[in-house]
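Scroll down for the structure; my scribbles are underneath it.
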Amino acid sequence: MLRNLKNYYRVKNLSEAVKVLKKGKGRIIPLGGATTISKLDSKNIEGLLELENLGLSYVKDDGKKIKIGSMTTISELLDSKVIEKFADGFLKKAALTVGSTLNRNMITVGGNIYQLYLWSSLPPAFLDLDAKIKVIGSKGRRTIKAEEFFSKLPRKILSYDEIITEVEIDKDKFKGVKSEFIKFSKTKTAYPVISIAVILKKLNKKIKELRIALGSLSPLPQRFEDIEKEYIGKELDERIAEEIAEKIVNKAKIVPDIRASIEYKKEVTKNILKDIILSI
Ligand SMILES: Cc1cc2nc3c(=O)[nH]c(=O)nc-3n(C[C@H](O)[C@H](O)[C@H](O)COP(=O)(O)OP(=O)(O)OC[C@H]3O[C@@H](n4cnc5c(N)ncnc54)[C@H](O)[C@@H]3O)c2cc1C
């Protein structure tokens, strides 16, 4: 419950929105789909800033880049032909792992990447895609690479007067790739215990491009670029797939939780990862 909530702000454009946040000094926060905000218990938040009607709901393909507005919902991602065609449907596969349809209709891309939880689905996908997060604040606009954005909790990366406006992805790097995004959970709509995001391109059985990110195993999503690079040019067979999976789980940070032990998560992650690498 927001115990001291007094004001709701509706503005005409992003520069007015930034002014409202600046004036609030952290006591006014942007409102995405409200699936987290509605459950917050806080005495500090005094105002909510509406981001709807500021033109931030879109998925565009300009030929070179995919651009996703921060107020785009998970359902809108799932409905997008651009997303379906891009990188073997990678982002669609990631979006399909998010909660139930009712939640997908509300959860926004901006809210999903700002409020990191163990179960957040889009962050590992955006890490694999080398996405760029665009923000606007009182000091102007800036672009933050996903690697930096997810290197700590995003609230420590953004200032209180900054708004995520867009996520941008270069298309060229992902021509002809195969991809998979697997959520391992008790039921289809339950929070994931493990999330595994893989992008792979092969040429004559050899690995040309490999990207592996894990979610749900620790508070921050993890990518393994040094291990990925080691295998570029190698012929992919069962032994190599097993070796990659083994190295990844040995390097991954894994925290225990009430549903599964660290050992169990390691074993399951290794087996699913190996299967994905061999099957896509
Ligand atoms: C039952 C349930 C199941 C769920 N299952 C999953 C799941 O399987 N996978 C998954 O990924 N998520 C899941 N979620 C959603 C997840 O837990 C978060 O609630 C959601 O990602 C937050 O997005 P939102 O748009 O609702 O953000 P909000 O609740 O509106 O905001 C969250 C935070 O982000 C900030 N924020 C929002 N938009 C912006 C912006 N544009 N710029 C700067 N800051 C911004 C807000 O100020 C706030 O601090 C589930 C949620 C529920 C309720």
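Both ligands and their constituent atoms are indexed starting at 1 by order of listing.
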Here the atoms of ligand 1 under 4.0 Å from any heavy atom belonging to Leu51 are 40 (C), 41 (N)
message = Strictly below 4.0 Å, N to O, side chains only: are Lys19 and Glu16 in salt-bridge contact?
response = no
re atom 46 (C) of ligand 1, the protein heavy-atom contact at minimum distance is Pro30 O, 3.1 Å
Minimal heavy-atom distance between Leu116 and Pro221, with the atoms involved, is CD1-CD, 4.0 Å
- Asn112 N/O under 3.5 Å from ligand 1 N/O: yes
The closest protein heavy-atom partner of atom 25 (O) of ligand 1 is Thr108 OG1, 2.6 Å
Evaluate the salt bridge (Lys or Arg N to Asp or Glu O under 4.0 Å) criterion for residues Asp61 and Lys81: first the C-alpha distance (whole Å), next the side-chain angles of each, then the deciding distance (0.1 Å), finally the verdict. CA-CA 10 Å; Asp61 176 354; Lys81 290 281 170 234; over 6 Å; no
Atom 3 (C) of ligand 1 sits nearest the protein heavy atom Tyr191 CE2, 3.5 Å
Quiz prompt | Transitive ILVMFWY side-chain link Leu56 to Ile66, under 4.5 Å | solution = no
| Hey, what's the ring geometry for Tyr191 with Trp119, parallel, tilted or perpendicular (30° and 60° as the breaks)? | parallel
If we number the atoms of ligand 1 from 1 as shown, the ones under 4.0 Å from a heavy atom of Ser70 are 41 (N)
If you compare Ile164, Thr165, Leu116 by their heavy atoms, the one closest to atom 42 (N) of ligand 1 turns out to be Ile164
ask   = With only distance considered, is Tyr117 within less than 3.5 Å of ligand 1 through an N or O on each side?
value = no
field: Leu158, any N or O under 3.5 Å of ligand 1 N or O
entry: no
The side-chain contact (heavy atoms from CB on, under 4.5 Å) partner of Val167 among Val109, Leu129, Leu122 is Val109
Per-atom filter on ligand 1: closer than 4.0 angstrom to a heavy atom of Ile29 are 47 (O)
- Query: With a 4.0 Å cut-off on heavy atoms, is Val135 touching ligand 1?
  - Reply: no
Q. Taking the side chain from Asp62 and the backbone from Lys64, do they hold a donor-acceptor pair closer than 3.5 Å?
A. yes
**Message:** Tell me whether Gly32 has any N or O atom under 3.5 angstrom from an N or O of ligand 1.
**Reply:** yes
Restricting to heavy atoms, the pick from Ser216, Pro123, Ser121, Gly110 nearest atom 39 (C) of ligand 1 would be Gly110
Donor-acceptor under 3.5 Å (Arg104 side chain, Leu96 main chain)
yes
At under 4.0 Å between heavy atoms, what of Lys39 touches ligand 1? The answer is side chain
inquiry  = Pair Lys23, Asp161 - check salt bridge (Lys or Arg N to Asp or Glu O under 4.0 Å), show working.
reply    = CA-CA 8 Å; Lys23 194 181 75 182; Asp161 64 10; over 6 Å; no
* **Test of proximity, Ile37 against ligand 1: N or O pairs below 3.5 Å** => yes
re atom 35 (C) of ligand 1, the protein heavy-atom contact at minimum distance is Tyr114 CD2, 3.4 Å
Charged N to carboxylate O under 4.0 angstrom, Lys274 versus Glu238? yes
Mark yes when over 12 heavy atoms from residues, nucleotides or ligands other than Lys152 sit less than 6.0 Å from its NZ; otherwise mark no. no
Among non-hydrogen protein atoms, atom 22 (C) of ligand 1 lies closest to Thr35 OG1, 3.4 Å
Of all protein heavy atoms, the one nearest atom 38 (N) of ligand 1 is Gly111 N, 3.6 Å
- Message: With a 4.5 Å cut-off on side-chain heavy-atom distances among I, L, V, M, F, W and Y, is there a chain of contacts connecting Met71 to Leu21?
- Response: yes
For atom 1 (C) of ligand 1, the closest protein heavy atom turns out to be Asn103 ND2, 3.4 Å
Quick note on ligand 1: atoms under 4.0 Å from a heavy atom of Thr97 include exactly 8 (O)
So the side chain to side chain donor-acceptor pair (under 3.5 Å) pairs with at least one residue in residues 220-237 (sequence neighbours excluded) are Asp130-Arg223, Ser218-Gln222, Arg223-Glu228, Asp226-Lys251, Glu230-Lys247, Tyr231-Glu243, Tyr231-Lys247
For atom 8 (O) of ligand 1, the closest protein heavy atom turns out to be Gly99 N, 3.2 Å
